[in-house]
Amino acid sequence: MSDLLERLRGRGWRMTAQRRVVAEVLDGDHVHLTADEVHARAVERLPEISRATVYNTLGELVTLGEVLEVSTDRRAKRYDPNAHRPHHHLVCAQCGAIRDVHPTGNPLADLPTTERFGFTISDVEVTYRGVCPNCASA
């Protein structure tokens, strides 16, 4: 599990029923839901939650650094609660499924100094693309 709820409680984040439901929907491994998917799952738990509340809560979580906004292609942004453990993404080119991956090594070391053009690099995002087993068997 991603421990999102525990992190939010530890920060003293005011846990309204709506915020709790959004956090519960996002909590877990390999969670990369769109805002609409978060809303649909939240409505199952709390029917009166509005789309605006879900969008606002997602925005707050991103601003707090507790959820990552992931954009791996031209599709809708996705929200990743795995914000505190460095990782990369494996994306299915057909269905858009996303998995967190934790390869060994240092991706910064793969970029030669001559290719850094004087930049001081602070972060690396790597996206591996391929076809997931479900799409490959279809």
*Asks:* Do you know the tightest heavy-atom contact between L26 and P81?
*Replies:* O-CG, 2.9 Å

*Asks:* Angle between ring planes, H89 versus H32, binned at 30° and 60°: parallel, tilted or perpendicular?
*Replies:* perpendicular

*Asks:* Picking from V67, T16, T53, I49, what satisfies side chain to side chain contact (heavy atoms under 4.5 Å, CB included) with V22?
*Replies:* I49

*Asks:* Check this for me: does any side-chain nitrogen of one of R51 and D36 sit under 4.0 Å from a carboxylate oxygen of the other?
*Replies:* yes

*Asks:* Is any NZ, NE, NH1 or NH2 atom of the basic residue among E69 and R78 found under 4.0 Å from an Asp or Glu carboxylate oxygen of the other?
*Replies:* no

*Asks:* Hey, what do you get for CZ (R11) to CD (E6), rounding to the nearest 0.5 Å?
*Replies:*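 R11 CZ to E6 CD: 15.0 Å, rounded to 0.5 Å.
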
*Asks:* Nearest 0.5 angstrom please: D100 CG to D80 CG, how far?
*Replies:*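 D100 CG to D80 CG: 5.0 Å, rounded to 0.5 Å.
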
*Asks:* Which pair of heavy atoms, one from V101 and one from H87, lies closest together, and at what distance?
*Replies:*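 In terms of heavy atoms, the two residues are closest at O-CB, 3.4 Å.
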
*Asks:* Hey, is the main chain of A23 close enough, under 3.5 Å, to the side chain of D27 for a donor-acceptor pair?
*Replies:*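 No: the side chain of D27 does not pair with the backbone of A23.
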
*Asks:* Do V43 and V21 land in one hydrophobic cluster if side-chain heavy atoms of ILVMFWY residues count as linked below 4.5 Å?
*Replies:*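 Both belong to a single hydrophobic cluster.
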
*Asks:* Dump the intermediate steps for side-chain contact (heavy atoms from CB on, under 4.5 Å) on T34 and E37, then the final yes or no.
*Replies:* CA-CA 5 Å; T34 66; E37 290 169 335; 3.2 Å; yes

*Asks:* side-chain contact (heavy atoms from CB on, under 4.5 Å) between Y128 and V91: does it pass, once the steps are laid out?
*Replies:* CA-CA 6 Å; Y128 300 93; V91 179; over 6 Å; no

*Asks:* Which is it for E66 and E60 under the side-chain contact (heavy atoms from CB on, under 4.5 Å) test, yes or no, and what are the steps along the way?
*Replies:* CA-CA 9 Å; E66 294 297 341; E60 286 180 46; over 6 Å; no

*Asks:* Is there a continuous path of hydrophobic side-chain contacts, each under 4.5 Å between heavy atoms, that joins L90 to L68?
*Replies:* no

*Asks:* Using side-chain heavy atoms (C-beta onward) and a distance below 4.5 Å, is L58 in contact with N56?
*Replies:* no

*Asks:* So, taking the atom named CZ in R129 and the one named SG in C92, what distance separates them when rounded to the nearest 0.5 Å?
*Replies:* 11.0 Å

*Asks:* Drop me the distance from Q18's CD to S50's OG, to the nearest 0.5 angstrom.
*Replies:* 8.0 Å

*Asks:* Provide the closest heavy-atom pair for P86 versus H102 in the form atom of the first, atom of the second, distance.
*Replies:*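 So the minimum-distance heavy-atom pair works out to O-CD2, 3.4 Å.
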
*Asks:* When rounded to the nearest 0.5 angstrom, what distance separates CZ in F117 from CG in L111?
*Replies:* 8.5 Å

*Asks:* By side chain to side chain contact (heavy atoms under 4.5 Å, CB included), which residues pair with E48, not counting sequence neighbours?
*Replies:* L46

*Asks:* For a side-chain contact (heavy atoms from CB on, under 4.5 Å) check, start with the C-alpha distance between H84 and L4, then their side-chain angles and the critical distance, and finish with the verdict.
*Replies:* CA-CA 10 Å; H84 294 280; L4 177 61; over 6 Å; no

*Asks:* So if you build clusters from Ile, Leu, Val, Met, Phe, Trp, Tyr with side-chain heavy-atom gaps below 4.5 Å, do L64 and V38 land together?
*Replies:*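 L64 clusters together with V38.
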
*Asks:* Just verifying a value: how many Å separate H88 NE2 and I98 CD1, rounded to the nearest 0.5 Å?
*Replies:* 15.0 Å

